[in-house]
Enquirer: 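One structure follows; several queries about it will come next.
Side chains are part of it too, since the values below use all heavy atoms of this structure and drop only hydrogens, waters and symmetry mates. Naming convention: chains lettered A, B, ... in sequence-line order (proteins, then strands); numbering from 1 in each chain. This one's a predicted model, so the numbers in the text were calculated from it and none came from an experiment.
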2 protein chains.
Amino acid sequence: MSSVDTEISSMSTPISLISQERSLKISAKTDYAVRAACELAGAEPAKPIKAETLAQLQAIPANFLENILSALRNSGIVRSQRGAVGGYFLARPAETISLADIIRAVDGPLAAVRGEAPEDQNYSGAASKVADIWVAVRASLRVVLEETTLADLVAQKLPKHVQALIDSPDAWSRR
Amino acid sequence: MSSVDTEISSMSTPISLISQERSLKISAKTDYAVRAACELAGAEPAKPIKAETLAQLQAIPANFLENILSALRNSGIVRSQRGAVGGYFLARPAETISLADIIRAVDGPLAAVRGEAPEDQNYSGAASKVADIWVAVRASLRVVLEETTLADLVAQKLPKHVQALIDSPDAWSRR
DNA sequence: ATAAATTCTACCGATTTAGTTGGGAATGAG
DNA sequence: CTCATTCCCAACTAAATCGGTAGAATTTAT
């Protein structure tokens, strides 16, 4: 066949698009949830802020944010007040809300392997230590996310070991 | 507030289903890639193993595995040999291949926030420190994934700080 | 009671995930 | 040479998730 086809080598590669794979990624939902929660933590304790206001403050699509706030409410992280002067506010002090709490509320357990916890997988042969690695990954995420609270974030005072990670030389290298 | 409303507790709650969200999750692709690479690392250096055999050894869907091996080959992690006695083998010594290399080959950069690097986001207001947190998350992932090699995994000798994470009391708590 | 404000629920399209299918192209054995 | 074996590669698919919208339901102020 052939004949003319080619030129292919040069490659058209329209590369339709930006690949966008996801494994160990941070979803928009998680990012939005943390940002909205920061705004709530930065405001007066029991004064409700309406969803629309949060959306504007953080440039989050308003209707999507409502889904997120709903998940946070179901997990007991925020509470809501309906009616004319309603809105959302934190359900407990910002010092007691970790980032891990927020992420789990909107996106489920950390470091799940194909929907299940790492310790529920079973690996054989040369790969038998792989479960340990996923457990280590989860533990290292927890070191950051379980210890950092909303209060830390808005006060711009992160826990020492978290700050140390950020200050480490290659933390900002893009790779 | 109310009074009667309740009953809510009982609530139909169809609970649509097991949620299965994904943020900071480990994809099937990543898991399969690491397991297949372990088998290659556990075998003799330049003796090719065919995809079908790898698939059986690790119970990975064979055709899907070919996609994954193709990605690993494009990233220079494995090499392949066609023909009757062909198959796949590691392109370089197992000591020089980190888990981060493998994950990036099949699923792109670690800890991307909505498709972009954390340092490319810009945050305002009460959330201005959020970028730092995502950088810390990425750095903590790297601590585990950049230092652990395929050789470590098959030898069942993980780096000290990784083993320390695994041995820490709450690493295995399910949460 | 009623209107205004806001939450809440159900839906929707596009992308991604996790695969499958099938054809072609090297390679080595006989 | 020829043919079986194996990789290679592109397209296709079903189901789930992502990101987002629309409208009904609820609460509060007046």
Enquirer: Does either side chain, that of D170(B) or that of S173(B), offer a donor lying less than 3.5 Å from an acceptor on the other one?
Expert: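 D170(B) vs S173(B): no donor-acceptor pair found between side chains.
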Enquirer: Which donor-acceptor pairs under 3.5 Å do side chains of residues 145-162 of chain A form with protein atoms, sequence neighbours excluded?
Expert:
{"from": "E146(A)", "atom 1": "OE2", "to": "R104(A)", "atom 2": "NH2", "distance (Å)": "2.8"}
{"from": "T148(A)", "atom 1": "OG1", "to": "V144(A)", "atom 2": "O", "distance (Å)": "2.8"}
{"from": "T149(A)", "atom 1": "OG1", "to": "A151(A)", "atom 2": "N", "distance (Å)": "3.3"}
{"from": "T149(A)", "atom 1": "OG1", "to": "D152(A)", "atom 2": "N", "distance (Å)": "3.2"}
{"from": "T149(A)", "atom 1": "OG1", "to": "D152(A)", "atom 2": "OD2", "distance (Å)": "3.2"}
{"from": "D152(A)", "atom 1": "OD2", "to": "T149(A)", "atom 2": "N", "distance (Å)": "2.9"}
{"from": "H161(A)", "atom 1": "NE2", "to": "V143(A)", "atom 2": "O", "distance (Å)": "3.2"}

Enquirer: Can a side chain N or O of R73(A) be found less than 4.0 Å away from OP1 or OP2 on dC8(C)?
Expert: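 Checking dC8(C) against R73(A), a side-chain N or O does come within under 4.0 Å of OP1 or OP2.
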Enquirer: Would you mind reading off the distance between L24(A) atom CG and dT17(C) atom P, rounded to a whole angstrom?
Expert: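 Going from CG in L24(A) over to P in dT17(C) covers 12 Å.
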Enquirer: List in chain and number order the residues that pass salt bridge (charged side-chain N to carboxylate O under 4.0 Å, His left out) with R73(B), two or more places apart in sequence or in another chain; answer none if no residue qualifies.
Expert: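 For R73(B), no residue satisfies salt bridge (charged side-chain N to carboxylate O under 4.0 Å, His left out) once neighbours in sequence are set aside.
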Enquirer: Do any pairs count as a salt bridge (Lys or Arg N to Asp or Glu O under 4.0 Å) and have a residue in residues 117-130 of chain A, sequence neighbours left out, and if so which ones?
Expert: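 Every salt bridge (Lys or Arg N to Asp or Glu O under 4.0 Å) pair that includes a residue of residues 117-130 of chain A, provided the two are not neighbours, is E119(A)-R138(A), E119(A)-R174(B), D120(A)-R174(B), K129(A)-D132(A).
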Enquirer: Under 3.5 Å between N/O atoms: give me all the protein pairs with nucleotides 4-6 of chain D, atom names plus distance.
Expert:
{"from": "dT6(D)", "atom 1": "OP1", "to": "K50(B)", "atom 2": "NZ", "distance (Å)": "3.3"}
{"from": "dT6(D)", "atom 1": "OP2", "to": "K50(B)", "atom 2": "NZ", "distance (Å)": "3.0"}
{"from": "dT6(D)", "atom 1": "O4'", "to": "G83(B)", "atom 2": "O", "distance (Å)": "3.1"}

Enquirer: May I ask you to test the I97(A)-R92(A) pair for a side-chain heavy-atom distance under 4.5 Å?
Expert: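 Yes; the side chains approach each other to less than 4.5 Å.
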Enquirer: Just jot down the side-chain hydrogen bond (donor to acceptor under 3.5 Å, both in side chains) partners of Q121(A), sequence neighbours excluded, or say none.
Expert: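 So Q121(A) forms no side-chain hydrogen bond (donor to acceptor under 3.5 Å, both in side chains) with any residue.
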Enquirer: List every contact pair, protein side and nucleotides 18-23 of chain C side both N or O, where the distance is under 3.5 Å.
Expert:
{"from": "dG19(C)", "atom 1": "OP2", "to": "Y32(B)", "atom 2": "OH", "distance (Å)": "3.1"}

Enquirer: Any side-chain donor-acceptor pair under 3.5 Å between Y123(A) and D31(B)?
Expert: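 Yes.
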Enquirer: Could you check whether S80(A) gets within reach of a base, just the sugar-phosphate, or nothing at all, counting any heavy atom under 4.0 Å?
Expert: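 Touches sugar-phosphate only.
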